Amino acid sequence: MASTGSAVGSASAPALGSALGSAIAFEWTKARTLRSSLGSLVLCFAASVGIALLFGMVLRGAYDGMSPEGRASFDPVGSGFNGLRLSMIALVVFGVLLTSGEYATGTISSSLAAVPRRGVFYTAKVVTGTSIAFVVAAVVTLVTFFTAQAAIGGAHNAAVTDDGVPRAIIGAVLYLTLACAFSMGLATMLRSSALTLGILVPIFFMGSEILNNLPKVRTVAQFLPDAAGSIILRREPPDDTVLGPWSGIGVLLLWTLAAVLAGYLSMRRRDS
């Protein structure tokens, strides 16, 4: 009996791996053919690099007119990464459309018929979306950094080997990737692109900025997903934050894990 159980266990593991591999290939095909998703990825790149170029050119001319305090606190890395906020929104849109778009079009039933094991289906979707987001985030972050620093000019810019710069670059990639994964988990739970984006865009694009400028709620607002993750985008972390660069990414990771788990439970317990 023990040998039979071992044989069954050893046979089920490759079967699960094969099913997951096939499901990932299935999701990759859908992601490639979804025009709205591809459009959001193009927007992610164009918005970030375009804003980096404009900000860099403005900062090059404005530096000489800054006060001594302004020059002392000038962070070319953080300033050059200003466009990443729009990139994050584009990746959030990508994650939401990739996840909840099937509920809007009614194709979720046929997808679940093709991949009936819901845990495998959900895992494949999250892995595929997060992998695409990671590659796009890495390309966007590197091109944005070098574009911004070239536009700022050699007199005031930062080199990739400067203290704090590698951390900011790696952190930016993680920040964008986790934001996409977070949106996928929430979209799976809510099953509505409009509702999910109606919650995430105001929170990520406006809510955290507004709340972080209110003294009485600033300490708590730092723990919102966007605010916590964005701390690492600066070469020199601000002195008035409770969280540091990596602890902020840790908070964003916890938000992401909670959202992905909530999406998984929703996928398992609710009808298609």
Side-chain angles (χ1 to χ4, degrees), residues 36-66 70-71 73-97 132-160 162 164-180 182-183 197 200-210 212-213 224-238 245 248-249 252:
S36 56
S37 296
L38 296 177
S40 64
L41 296 180
V42 172
L43 177 62
C44 173
F45 180 86
S48 182
V49 176
I51 292 174
L53 180 61
L54 291 175
F55 261 81
M57 295 172 64
V58 170
L59 290 170
R60 177 187 290 209
Y63 185 86
D64 292 336
M66 290 182 183
R71 293 184 185 183
S73 61
F74 176 63
D75 184 352
V77 178
S79 298
F81 278 160
N82 275 324
L84 289 184
R85 187 172 297 275
L86 283 178
S87 295
M88 179 196 64
I89 296 299
L91 281 178
V92 164
V93 171
F94 164 75
V96 169
L97 293 178
I132 294 173
F134 177 79
V135 173
V136 172
V139 173
V140 168
T141 297
L142 288 173
V143 175
T144 296
F145 173 79
F146 287 112
T147 299
Q149 302 314 310
I152 291 172
H156 315 300
N157 66 4
V160 71
D162 289 350
V165 174
R167 181 197 64 217
I169 292 175
I170 294 172
V173 176
L174 294 175
Y175 169 68
L176 295 175
T177 304
L178 290 174
C180 181
F182 175 82
S183 70
L197 292 175
L200 290 180
V201 172
I203 290 178
F204 279 0
F205 197 58
M206 295 178 292
S208 63
E209 285 292 315
I210 295 172
N212 270 284
N213 287 315
L224 290 173
D226 172 44
S230 64
I231 294 173
I232 204 169
L233 300 181
R234 300 177 60 86
R235 182 175 63 177
E236 298 293 338
I249 287 292
L252 176 57

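Bear in mind the structure is a predicted one, so any value in this text is a computation, not a measurement.
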Checklist entry - Partners of R167 by salt bridge (charged side-chain N to carboxylate O under 4.0 Å, His left out), sequence neighbours excluded? => result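 Checked R167 against salt bridge (charged side-chain N to carboxylate O under 4.0 Å, His left out); zero matches.
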
Interatomic distance, [X] atom [atom1] to [Y] atom [atom2] [nearest 0.5 angstrom]:
X: L84; Y: C44; atom1: CG; atom2: SG; result: 8.0 Å
X: D162; Y: N157; atom1: CG; atom2: CG; result: 8.5 Å
X: L233; Y: N82; atom1: CG; atom2: CG; result: 9.0 Å
X: L178; Y: I249; atom1: CG; atom2: CD1; result: 6.0 Å
X: L174; Y: F134; atom1: CG; atom2: CZ; result: 7.0 Å
X: I232; Y: I170; atom1: CD1; atom2: CD1; result: 8.0 Å

I need the minimum non-hydrogen distance between [X] and [Y], along with the two atoms involved.
X: G95; Y: C180; answer: CA-SG, 3.9 Å
X: S79; Y: F55; answer: O-CD2, 4.2 Å
X: D75; Y: E236; answer: OD2-N, 3.5 Å
X: A228; Y: L252; answer: CB-N, 4.5 Å

Hey, does [Y] have a side-chain heavy atom less than 4.5 Å from the side chain of [X]?
X: L91; Y: V140; result: no
X: R85; Y: I51; result: no
X: H156; Y: L59; result: no

Checklist entry - Do side-chain atoms of Q149 reach the backbone of P76 as a donor and acceptor pair under 3.5 angstrom? => result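 Yes, because the side chain of Q149 sits within donor-acceptor range (under 3.5 Å) of the backbone of P76.
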
Checklist entry - Okay, side chain of R60, backbone of A150: is any donor-acceptor separation there less than 3.5 Å? => result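 Pair found, side chain donor or acceptor close to backbone of A150.
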
Next on the checklist: According to side-chain hydrogen bond (donor to acceptor under 3.5 Å, both in side chains), who are the partners of S48, at least two apart in sequence or on a separate chain?
Outcome noted: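 Only S87, T144 meet the side-chain hydrogen bond (donor to acceptor under 3.5 Å, both in side chains) criterion with S48.
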
Checklist entry - Does the pair F94 and V136 meet the rule for a side-chain contact (heavy atoms from CB on, under 4.5 Å), with working shown? => result CA-CA 11 Å; F94 164 75; V136 172; over 6 Å; no

Next on the checklist: Once side chain to side chain contact (heavy atoms under 4.5 Å, CB included) is applied, do any residues pair with I169, and if so which ones, sequence neighbours excluded?
Outcome noted: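 Once residues adjacent in sequence are excluded, the partners of I169 under the side chain to side chain contact (heavy atoms under 4.5 Å, CB included) criterion are F81, T141, L142, F145, V160, V165.
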
